[in-house]
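Scroll down for the structure; my scribbles are underneath it.
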Protein chains: 2
Amino acid sequence: MTRSTSASRQRIIVGAADLIRRRGLAGSTIRDLAGHSGAPLGSTYHYFPRGKQQLAAEAVRFAGDLVSRTLEQELAAGPVAGLRAFLTLWRQTVVDSGYRAGCPVLAVAVEEPPADGDPEAIIAAAEVFTAWQRLLAASLGEHGVAEPAATQLATLVIASVEGTVALCRAHGDIRPLDDVAAQLEILIATAIGT
Amino acid sequence: MTRSTSASRQRIIVGAADLIRRRGLAGSTIRDLAGHSGAPLGSTYHYFPRGKQQLAAEAVRFAGDLVSRTLEQELAAGPVAGLRAFLTLWRQTVVDSGYRAGCPVLAVAVEEPPADGDPEAIIAAAEVFTAWQRLLAASLGEHGVAEPAATQLATLVIASVEGTVALCRAHGDIRPLDDVAAQLEILIATAIGT
DNA sequence: CTCTGGCTATGACGATCGTTATAGCCTATC
DNA sequence: GATAGGCTATAACGATCGTCATAGCCAGAG
């Protein structure tokens, strides 16, 4: 039953990531975090003994890895292809949710970590941001962009997309994302000289 | 005593903005929101009868107007000067707080508005973002940047700075902001042809 | 079949949530 | 110095918070 066990645990994580990206971490109760995937409250503390912070950290890592995999795949066809995939991913998230869902990593990053105990969640968020940024920076480097421009551009892309997703939610409009997409594509294409 | 009244009310708003940019809205209790400026809980509902949402909305507008005024002032010397002032403002916020404070407008924008009643706070957040974006876009237009580039660039700047502030908080490092600043400055300077 | 152990179900703990109500203070005006 | 009203102080409301404890269920190993 190791299989079924993992499945339950995984479903809690997936549900937690979905709820956090909508309501934030402080806005999501452990009961809702569990209930969003149909799991009972008791299971949450069985699988995540350190409580809310641990579950949030795992949800952030899950969402982060999901994006990282897509990013890595599409970057094989070059930085512009990777950028487009990254943008498309967030466009779907925002539009499909009716402008109610954002990025769970950002949601955790803008909240205060607990004063007592390890701030697992925000550390996980920082690691995810770093992972995305490195993937993009490496791809830019491989396509002829020198340092420090490659690093700076990669950070700019991650930051601007995260910020734009929040803008779209506030406005209830996808236009900010499309506007930023247009400028980023020009910027990256120019940087790699194509 | 209209003066003293306004002063108390204003101090609550200022304190609320400071707390929200650190803890988020859901992470800040009404008691803390009041107590952060030394005001009693009762005063909160006296000045803001519609409760937490109203106070949050006024805090967002206060912080937004503060930034708007600085932005408008510095943009008189051109888009690059305005950009630099905008970046410096956020740099101070993040560094001076020891990477514990971010942007209260973004904090509200990434949270779910209440299901019942008017979502005053997130509407205020959207209006603030629009105000900033229009100021910058207008300045770019006055310096020869045609549409839609002016609008797109302005949105890119706002979004990327908001996102970067969150990145800096997560990492406990100011470098993302400096990296983004470098790229944005090149981008804007190039766009206006200087 | 028996037994073991992972998982669920249930309920409770004290603390704290947003909000409301009301009684009293305190200053400005006449 | 009395009066009025803006503001504060205090207590309480039901609901819900994160967390923990424990009893029971149920599949797989012996």
Side-chain angles (χ1 to χ4, degrees), chain A residues 1-16 19-20 22-59 107-108 111-122, chain B residues 1-16 19-20 22-59 107-108 111-122:
Chain A
M1 243 249 213
T2 307
R3 187 56 52 85
S4 155
T5 290
S6 280
S8 276
R9 205 185 118 101
Q10 191 63 16
R11 271 190 290 114
I12 295 178
I13 293 177
V14 175
L19 206 59
I20 290 172
R22 295 171 186 267
R23 303 188 186 169
L25 182 51
S28 304
T29 75
I30 292 262
R31 284 167 178 84
D32 289 341
L33 248 20
H36 203 57
S37 62
L41 173 61
S43 296
T44 302
Y45 284 93
H46 176 75
Y47 291 117
F48 313 96
R50 293 191 301 281
K52 199 180 189 184
Q53 276 286 312
Q54 183 186 4
L55 175 52
E58 301 219 26
V108 165
E111 291 189 21
E112 196 175 57
D116 55 330
D118 286 325
E120 297 188 53
I122 202 167
Chain B
M1 242 252 209
T2 307
R3 188 56 52 84
S4 155
T5 290
S6 280
S8 275
R9 205 184 119 101
Q10 191 63 15
R11 271 191 290 112
I12 294 178
I13 292 176
V14 175
L19 205 59
I20 290 172
R22 296 172 186 266
R23 302 188 188 168
L25 182 50
S28 304
T29 74
I30 292 262
R31 285 167 177 84
D32 289 341
L33 248 21
H36 203 58
S37 62
L41 174 61
S43 295
T44 302
Y45 284 94
H46 175 76
Y47 291 117
F48 313 96
R50 292 191 302 281
K52 200 180 188 184
Q53 276 286 313
Q54 183 186 4
L55 175 53
E58 301 220 25
V108 165
E111 291 188 20
E112 195 176 57
D116 55 330
D118 286 324
E120 297 188 52
I122 202 167

- Item | A/Glu111 side-chain N/O to A/Ala26 backbone N/O, donor-acceptor pair under 3.5 Å |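 Yes, the answer is positive, given that a donor and an acceptor are paired below the 3.5 Å cut-off.
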
Send over the distance from [X] [atom1] to [N] [atom2], rounded to a whole Å.
X        : N      : atom1 : atom2 : result
B/Tyr47  : C/dT20 : OH    : P     : 18 Å
A/Leu41  : D/dA23 : CG    : C1'   : 16 Å
A/Asp116 : D/dT19 : CG    : C1'   : 13 Å
A/Leu33  : D/dT16 : CG    : C1'   : 15 Å
B/Tyr45  : C/dT19 : OH    : P     : 4 Å
B/Asp32  : C/dA15 : CG    : C1'   : 13 Å
A/Phe48  : D/dG18 : CZ    : P     : 15 Å
B/Arg9   : D/dG6  : CZ    : P     : 15 Å

Could you please name the option among [options] that lies closest to any side-chain atom of [X]?
X       : options               : result
A/Pro40 : D/dC17, D/dA9, C/dT8  : C/dT8
A/Ile30 : D/dG18, C/dT19, D/dT8 : D/dG18
A/Arg31 : D/dC17, D/dA11, D/dT8 : D/dC17

- May I ask you to evaluate whether A/Thr44 reaches the phosphate of D/dT19, defined as a side-chain N or O under 4.0 Å from OP1 or OP2? no

- hbond_proxy A/Arg50 side chain to D/dT19 base (donor-acceptor, 3.5 Å cutoff): no

- Message: Using side-chain heavy atoms (C-beta onward) and a distance below 4.5 Å, is B/Gln54 in contact with B/Tyr47?
- Response: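 No; the side chains remain at least 4.5 Å from each other.
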
- Are the side chains of A/Ile13 and A/Gln10 in touch, meaning some heavy atoms are under 4.5 Å apart? yes

- Hey, which of these two, A/Ala26 or A/Gly42, hits DNA chain D nearer its 5' end, going by closest nucleotide? A/Ala26

- Could you grab the distance from atom CG of A/Leu25 to atom CD1 of A/Ile122, nearest 0.5 Å is fine?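 Spacing of CG (A/Leu25) from CD1 (A/Ile122) equals 10.0 Å.
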
- Query: Should A/Arg23 and A/Asp32 count as an ion pair when the cut-off is N to O under 4.0 Å?
  - Reply: yes

